There are 2 protein chains.
Amino acid sequence: MEETPTSRAERRRRTEERILSAARTVFAERGFERATIRAIASMAEVDPALVMQYFGSKQELFDQAVRIPAIPPLNGALDELVEELLARVVIKIGPIPQASLAMMRSMLTHPEAAEGVRARLDEQVGQLGAAIPARDAELRAALMISTMLGVTIAHQLLDLTALRDVPADRLAKIVRPALVALTGPDAAAEES
Amino acid sequence: MEETPTSRAERRRRTEERILSAARTVFAERGFERATIRAIASMAEVDPALVMQYFGSKQELFDQAVRIPAIPPLNGALDELVEELLARVVIKIGPIPQASLAMMRSMLTHPEAAEGVRARLDEQVGQLGAAIPARDAELRAALMISTMLGVTIAHQLLDLTALRDVPADRLAKIVRPALVALTGPDAAAEES
DNA sequence: GTCTATATAAAGATAGAC
DNA sequence: GTCTATCTTTATATAGAC
C-alpha cells in the first residue's frame with residue numbers, strides 16, 4: 001500500500017519535531033536542570049510518556065534538541081573574520097538560534113553542556129587563531145571569542161539594562177575596534 | 001557566669017561559618033540546582049538537619065553564602081578604572097572569591113542569582129559610565145563589563161584550552177588595549 | 001542543642017490498558 | 001501507537017528522641 005503524504009512515519013516525524021522545538025524553547029528558558037519533561041510535553045501538546053518513548057531520557061532529548069545542524073567554519077582574511085564574528089553574535093541579535101541559547105543557558109551547571117560549548121569554542125579559537133599573524137595568536141583568538149561570549153551573555157541571558165533595545169549597528173560600531181585591538185599588531189609592525 | 005572564649009555562641013558562630021564556607025564551595029562548583037544540603041553538610045562535617053535548623057531553607061543559605069562583604073565602588077580617572085577592572089578579574093586570577101564564583105555559576109539558571117548579578121553589573125556600569133567622556137558612555141561601560149565577564153567565564157568556568165595556565169600579565173597586556181578601545185575617543189577628539 | 005527518622009513533593013522512568 | 005497510572009528516586013523540610 002502506497003503511503004499518503006501524512007503516513008505514520010510522516011506523522012511521527014512531525015510530532016518529534018514539535019517535541020524538539022518545545023524542548024529547545026524550554027531548555028533555552030530554564031536550563032537543563034529546571035526544565036521538565038512534563039513542561040516540554042505540555043508545550044508540544046503530547047503526553048509526557050510519549051517524550052520518553054521517543055527519546056529515551058531527558059539527556060538524550062537535550063542532546064538531540066541542541067544539536068546544531070552545521071558548524072560553519074571560521075576562515076578567510078582577518079578583517080573578514082572580525083566582521084563575521086560581529087555578524088554572528090551582534091548583528092544577528094534577535095534570531096539567535098534557540099539551540100544555541102539552550103546550550104549556553106545550561107553550560108555553567110550541566111557538565112555535558114559545558115563540555116559541548118568548550119569543544120565548540122576551542123574549535124573556533126583554533127580557526128580564528130590561524131588567521132592572526134601576531135604573537136600569542138591562540139590567546140588573542142580566545143580573548144576575542146571570550147569577548148563575544150560575554151556580550152552575548154550580558155545581552156541575551158542577563159539582559160543588562162544598558163544593552164536593552166540597542167540597535168545592532170551601534171553595538172557593532174563600538175565592539176569592532178575592541179576586536180581589532182585584540183587581533184594585535186600586524187606582522188609587519190612586530191619588530192620587538 | 002563569664003563565658004569562655006569557646007562559649008556556646010562562639011561555637012555556634014564557628015559552625016555557621018564552616019557551613020557557609022562549605023556552601024560557597026559547593027555552590028561554586030555545582031550551581032544552585034545541583035548543590036545539595038547533604039553535600040554541603042557533609043563537607044562541613046555537620047548533620048544535614050543542622051543546616052536547615054540554622055538557615056531555614058536552601059535559598060536562605062545561598063543568599064547568606066554569596067553575600068559579598070563590601071561592594072567596592074568603581075571611581076577615579078578613566079585610565080585608573082581600566083587598570084582596576086583588569087586587576088579585579090584578570091590579575092586577581094586565582095583568589096577570585098568563592099562567593100562570586102557561586103553567584104556566577106548559578107546566574108544563568110537560578111532566577112535569584114540572575115537578578116543579583118544583573119543588579120551588581122548594572123551598578124558597575126553606572127559607575128564606569130560616569131567616567132567615560134565619549135558619547136554612548138553607558139553603552140560603552142556595559143560592553144567593557146561584558147568583556148570582563150566573558151573573559152572570566154571562559155577562563156574560570158568554562159576553562160577554555162587557550163586560556164589555561166596563562167600568566168596574568170600576559171592576559172592583561174592583551175586585554176588592556178581592547179578595554180581602552182571600548183572607552184572610545186576622548187572628549188577632545190569628538191568633533192562629528 | 002544535635003541527630004535519627006520520617007513526611008512531603010517533584011520529577012524521571014516504566015508497565016500495562018486501550 | 002498512545003496514554004493512564006504507577007514505581008522509584010532524590011532531596012527539601014520537619015518532628016521528635018536523646
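Just so we're on the same page: letters track the sequence lines, and every chain starts at 1. What you see is a predicted model, and the numbers here were worked out from it, not measured in a lab. Computation of the quantities below employed the complete heavy-atom set of this structure, encompassing side-chain atoms and omitting hydrogens, waters and symmetry-equivalent molecules.
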Please list, for nucleotides 15-17 of chain C, all pairs of protein and nucleotide N/O atoms separated by less than 3.5 Å.
none

Note to self: Starting the side chain at C-beta, find the nucleotide from D:dC3, C:dA13, D:dA13 nearest to A:L50.
What the structure shows: D:dC3

Next item on the list: Applying side chain to side chain contact (heavy atoms under 4.5 Å, CB included) between B:T15 and each of B:V46, B:V51, B:L20, report the one that passes.
Entry: B:V46

Next item on the list: Can you run down the ring pair (Phe, Tyr, Trp, His ring centres under 6.0 Å) pairs that involve residues 156-177 of chain A, sequence neighbours left out, and say none if there aren't any?
Entry: none

Check: Between residues 18-46 of chain A and DNA chain D, which residues have a heavy-atom gap below 4.0 Å?
Finding: none

Check: In terms of side-chain geometry, is the basic nitrogen of B:E10 or B:R13 positioned less than 4.0 Å from the acidic oxygen of its partner?
Finding: yes

Check: To the nearest angstrom, how far is A:E60 atom CD from C:dA13 atom P?
Finding: 11 Å

Margin query: In whole Å, I'd like the distance from the CG atom of A:L61 to the P atom of C:dA13.
Written below: 10 Å

Next item on the list: Measure the distance from CZ on B:R12 to C1' on C:dG1 and round it to the nearest whole Å.
Entry: 10 Å

Check: So, B:E17 and B:R24, do they make that salt bridge, N to O below 4.0 Å?
Finding: yes

Item checked: Heavy-atom pair with the smallest gap, counting every atom of A:Q124 and A:I145 -> OE1-CD1, 3.7 Å

Check: Does the side chain of A:Y54 get closer than 4.0 angstrom to OP1 or OP2 of D:dT2 through an N or O atom?
Finding: yes

Item checked: Nearest-Å distance for atom pair CE/P, residues B:M52 and D:dA15 -> 12 Å

Item checked: For B:D159, side-chain contact (heavy atoms from CB on, under 4.5 Å) partners two or more places apart -> A:R118, B:R164

Margin query: If the condition is side-chain contact (heavy atoms from CB on, under 4.5 Å), which residues does B:R34 pass it with, not counting sequence neighbours?
Written below: A:E33, A:H110, A:P111, B:R30

Margin query: The criterion is side-chain contact (heavy atoms from CB on, under 4.5 Å); which residues satisfy it with B:A22, sequence neighbours excluded?
Written below: B:I40, B:M43, B:A44

Note to self: Rounded to whole Å, please give me the gap between NE2 in A:H110 and C1' in C:dG12.
What the structure shows: 14 Å

